Visitor: 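Quick one: this structure, given as structure tokens, is what I'll be asking you about.
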Amino acid sequence: MANPERFLLAGVMGWPVMHSRSPKLHNYWFEKYGLAGSYVPLAVKPEGLRTALRALPSLCFSGCNLTIPHKQAAMAIVDENDLIARKIGAISCVVVRPDGSLLGSNNDCYGFIHNIVQEFPDWRADTGPAVVIGAGGGARAVVYALAERGAREIRLINRTFAHAQRIVEEFGGPITVVPWQERHISLAGAAMLVNATSQGMVGNPPLDLNLAKLPQNALVADIIYIPRETALLAAARAHGNRTISGLGMLLHQGRPAWKAWFGVEPEVTPELHALLAATIPQSWQA
Ligand SMILES: NC(=O)c1ccc[n+]([C@@H]2O[C@H](COP(=O)([O-])OP(=O)(O)OC[C@H]3O[C@@H](n4cnc5c(N)ncnc54)[C@H](OP(=O)(O)O)[C@@H]3O)[C@@H](O)[C@H]2O)c1
């Protein structure tokens, strides 16, 4: 399948960027699908973002992913942002179109949902209330995705109430903001709990959440992927809940990017999951 005319290129722009697992993911797919190409970490400082993005077409890049701190700033640089990106207010992916213009998109919603559906094919968003903790970029993607999949009640909880309130005002729909101090009791009757804060990520303390009121049949998701099992997921597992980590979300969000860049929709297989997981500390205690 190698294309003799062209070496395929994409990358991830961030500052810092060398921690990113994306090159391992995308280069695995180049190998697997027999395409001549490479995906590289692009260490781009904020002041260089415009020049770097605008250079993509001349350098024959098909596009790039964006990570901290570029996800919002890039929206004002690209030529167009798709509807989901505009709703979420951040882009995670840039596609170079045939005319050299740049399209911004956000594949975090896709990644969040497809990770769950692959792991738990019987999961549905409308089986009961979902509790989402957090109101940053990741949480916005999660809330948008759940609402799109038909969730009928989303209880949104965030340390800073106003940030959650802003999401309700922008998104509308089945979202209710619950005050931070009521987070423990808000778990009563929930069918799903999602941590979309940075609490529990390596270097941060665990999310302060008592699971006593959470029904045992609720699915607990953490969008954090370093470590592989956060303290929240370990506690949920001990409580009897099904759990899912954020690594699969990261892997799945790469699929629509590949489809747009290279015309191939790659698979997330157990082998790929294990390959990436092996590069990440297993436990929050590690
Ligand atoms: N798996 C994936 O593909 C994927 C995709 C996106 C993000 N993520 C992960 O999700 C996490 C959040 O990312 P993000 O981009 O949404 O970050 P962000 O926009 O900076 O939002 C951070 C969130 O964490 C909350 N928070 C921060 N410190 C807190 C504390 N001490 N106590 C309680 N809440 C606190 C913030 O609340 P305030 O509003 O009060 O500040 C906010 O809701 C990161 O670990 C990131 O790596 C994973």
Side-chain angles (χ1 to χ4, degrees), residues 12 14 16-17 19-22 24-26 65-75 84-85 88-93 105-116 118-119 131-146 155-168 170 175 177-184 186 194-210 220-233 243-257 268 272-273 276-277 279-281 284:
V12 52
V17 77
H19 66 281
S20 172
R21 301 308 197 269
S22 293
K24 197 156 185 88
L25 164 65
H26 292 275
N65 288 122
L66 294 161
T67 188
I68 292 170
H70 301 320
K71 284 184 165 189
Q72 271 119 28
M75 285 190 91
I84 295 180
I88 295 170
I91 55 177
S92 59
C93 179
S105 60
N106 190 312
N107 298 323
D108 286 346
C109 295
Y110 179 97
F112 176 71
I113 294 294
H114 284 79
N115 181 33
I116 295 175
Q118 186 173 54
E119 202 73 17
V131 176
V132 178
I133 308 199
R140 293 174 75 91
V142 167
V143 170
Y144 188 79
L146 288 174
R155 301 172 188 163
L156 183 60
I157 302 167
N158 191 50
R159 177 181 63 171
T160 308
F161 188 87
H163 295 167
Q165 191 59 39
R166 201 175 301 149
I167 295 180
V168 176
E170 287 176 32
I175 314 164
V177 182
V178 177
W180 181 247
Q181 23 332 332
E182 291 174 24
R183 62 195 180 283
H184 313 295
S186 77
V194 185
N195 175 37
T197 73
S198 50
Q199 296 301 98
M201 195 169 90
V202 73
N204 288 347
L207 180 68
D208 174 15
L209 187 65
N210 182 336
V220 180
D222 204 319
I223 70 165
I224 288 172
Y225 59 91
I226 306 175
R228 274 183 272 160
E229 183 175 64
T230 58
L232 172 70
L233 291 189
T243 64
I244 186 161
S245 95
L247 178 58
M249 175 175 171
L250 178 78
L251 304 183
H252 279 275
Q253 59 80 33
R255 297 173 62 213
V268 174
L272 172 60
H273 204 283
L276 269 286
T279 71
I280 297 172
W284 54 282

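These numbers come from a predicted model, not from an experiment. All heavy atoms count here, side chains included; hydrogens, waters and symmetry mates do not. Both counts, for ligands and for their atoms, begin at 1 and track the order of listing.
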Visitor: Can you tell me which residue and heavy atom of the protein come closest to atom 18 (P) of ligand 1, and the distance to 0.1 Å?
Guide: G136 CA, 4.0 Å

Visitor: Would R21 and I226 count as a side chain to side chain contact (heavy atoms under 4.5 Å, CB included) if you check the C-alpha gap in whole Å, the side-chain angles of each, and the deciding distance to 0.1 Å?
Guide: CA-CA 10 Å; R21 301 308 197 269; I226 306 175; 3.9 Å; yes

Visitor: Considering only protein heavy atoms, which is closest to atom 5 (C) of ligand 1, and at what distance to one decimal place?
Guide: M249 CE, 3.7 Å

Visitor: Are any of the N/O atoms in N158 less than 3.5 Å from those in ligand 1?
Guide: yes

Visitor: Is atom 38 (P) of ligand 1 near the protein, in the sense that some protein heavy atom lies at less than 4.0 Å from it?
Guide: yes

Visitor: Flag the pair H114 / V268 as yes when at least one side-chain heavy-atom distance between them is below 4.5 Å, and no otherwise.
Guide: no

Visitor: What are the two closest non-hydrogen atoms of S186 and R183, and how far apart are they?
Guide: OG-O, 2.8 Å

Visitor: At what distance is the nearest protein heavy atom to atom 16 (O) of ligand 1, and which residue and atom is it?
Guide: G138 N, 2.8 Å

Visitor: Starting from atom 17 (O) of ligand 1, locate the nearest protein heavy atom and write down its residue, its atom name and how far away it is, to 0.1 Å.
Guide: G137 N, 4.6 Å

Visitor: Among all the protein's heavy atoms, is there at least one whose distance to atom 13 (O) of ligand 1 comes out below 4.0 Å?
Guide: no

Visitor: Quick one: does ligand 1 sit under 4.0 Å from the side chain of W180, the backbone, both or neither, non-hydrogen atoms only?
Guide: side chain

Visitor: Should the pair R140-D108 be classified as a salt bridge under the 4.0 Å nitrogen-to-oxygen rule?
Guide: no

Visitor: Distance to 0.1 Å, residue and atom name: give those for the protein heavy atom nearest to atom 6 (C) of ligand 1.
Guide: D108 OD2, 4.0 Å

Visitor: For a quick test of reading the model, state the closest non-hydrogen atom pair linking Y225 to L247 and the distance between them.
Guide: CB-N, 3.4 Å

Visitor: With backbone taken as N, CA, C and O and side chain as the heavy atoms from C-beta onward, which portion of T197 lies under 4.0 Å from ligand 1: side chain, backbone, both, or neither?
Guide: both

Visitor: What do you reckon, does A135 put a non-hydrogen atom under 4.0 Å from ligand 1?
Guide: yes

Visitor: Out of curiosity, L146 CG to I116 CD1, how far, rounded to the nearest 0.5 Å?
Guide: 6.5 Å

Visitor: If you have a sec, work out which protein heavy atom is nearest atom 40 (O) of ligand 1 and how many Å separate them, to one decimal?
Guide: T160 OG1, 2.5 Å

Visitor: Determine, step by step, whether H273 and L251 satisfy the side chain to side chain contact (heavy atoms under 4.5 Å, CB included) criterion, reporting the C-alpha distance in whole Å, the side-chain angles of both residues, the deciding distance to 0.1 Å, and the verdict.
Guide: CA-CA 8 Å; H273 204 283; L251 304 183; 3.7 Å; yes

Visitor: Using a strict 4.0 Å cut-off to heavy atoms of Q199, name the atoms of ligand 1 that fall inside it.
Guide: 28 (N), 29 (C), 30 (C), 31 (N), 32 (N), 33 (C), 34 (N), 35 (C)

Visitor: Does ligand 1 have a heavy atom under 4.0 Å from the side chain of Q253, from its backbone, from both, or from neither?
Guide: neither

Visitor: Check whether any N or O atom of Y225, backbone or side chain, sits under 3.5 Å from an N or O atom of ligand 1, and answer yes or no.
Guide: no

Visitor: Which residue supplies the protein heavy atom nearest to atom 27 (C) of ligand 1, what is that atom called, and how far is it?
Guide: S198 OG, 3.4 Å

Visitor: If you round to the nearest 0.5 Å, how far is NE2 of H184 from CD1 of I157?
Guide: 9.5 Å

Visitor: Is it the case that ligand 1 has an N or O less than 3.5 angstrom from some N or O of I223?
Guide: yes

Visitor: Do you see a donor-acceptor pair shorter than 3.5 Å between the side chains of T230 and D222?
Guide: yes

Visitor: Given the rule in the side chain to side chain contact (heavy atoms under 4.5 Å, CB included) test, do V194 and F112 qualify, once you have shown the distances and angles that lead to the verdict?
Guide: CA-CA 10 Å; V194 185; F112 176 71; 3.9 Å; yes

Visitor: For N65 and Q253, run side chain to side chain contact (heavy atoms under 4.5 Å, CB included): C-alpha distance rounded to whole Å, both residues' side-chain angles, the deciding distance at 0.1 Å, then the answer.
Guide: CA-CA 10 Å; N65 288 122; Q253 59 80 33; 4.2 Å; yes

Visitor: N/O of G134 under 3.5 Å from N/O of ligand 1, yes or no?
Guide: no

Visitor: Please check whether R159 reaches ligand 1 - meaning an N/O of the residue sits under 3.5 Å from an N/O of the ligand, judged on distance alone.
Guide: yes

Visitor: Tabulate below the donor-acceptor pairs under 3.5 Å that side-chain atoms of residues 158-167 make, not counting sequence neighbours, or state none.
Guide:
from : atom 1 : to   : atom 2 : distance (Å)
N158 : OD1    : A135 : N      : 3.3
N158 : ND2    : T160 : O      : 3.0

Visitor: Tell me whether M201 has any N or O atom under 3.5 angstrom from an N or O of ligand 1.
Guide: no

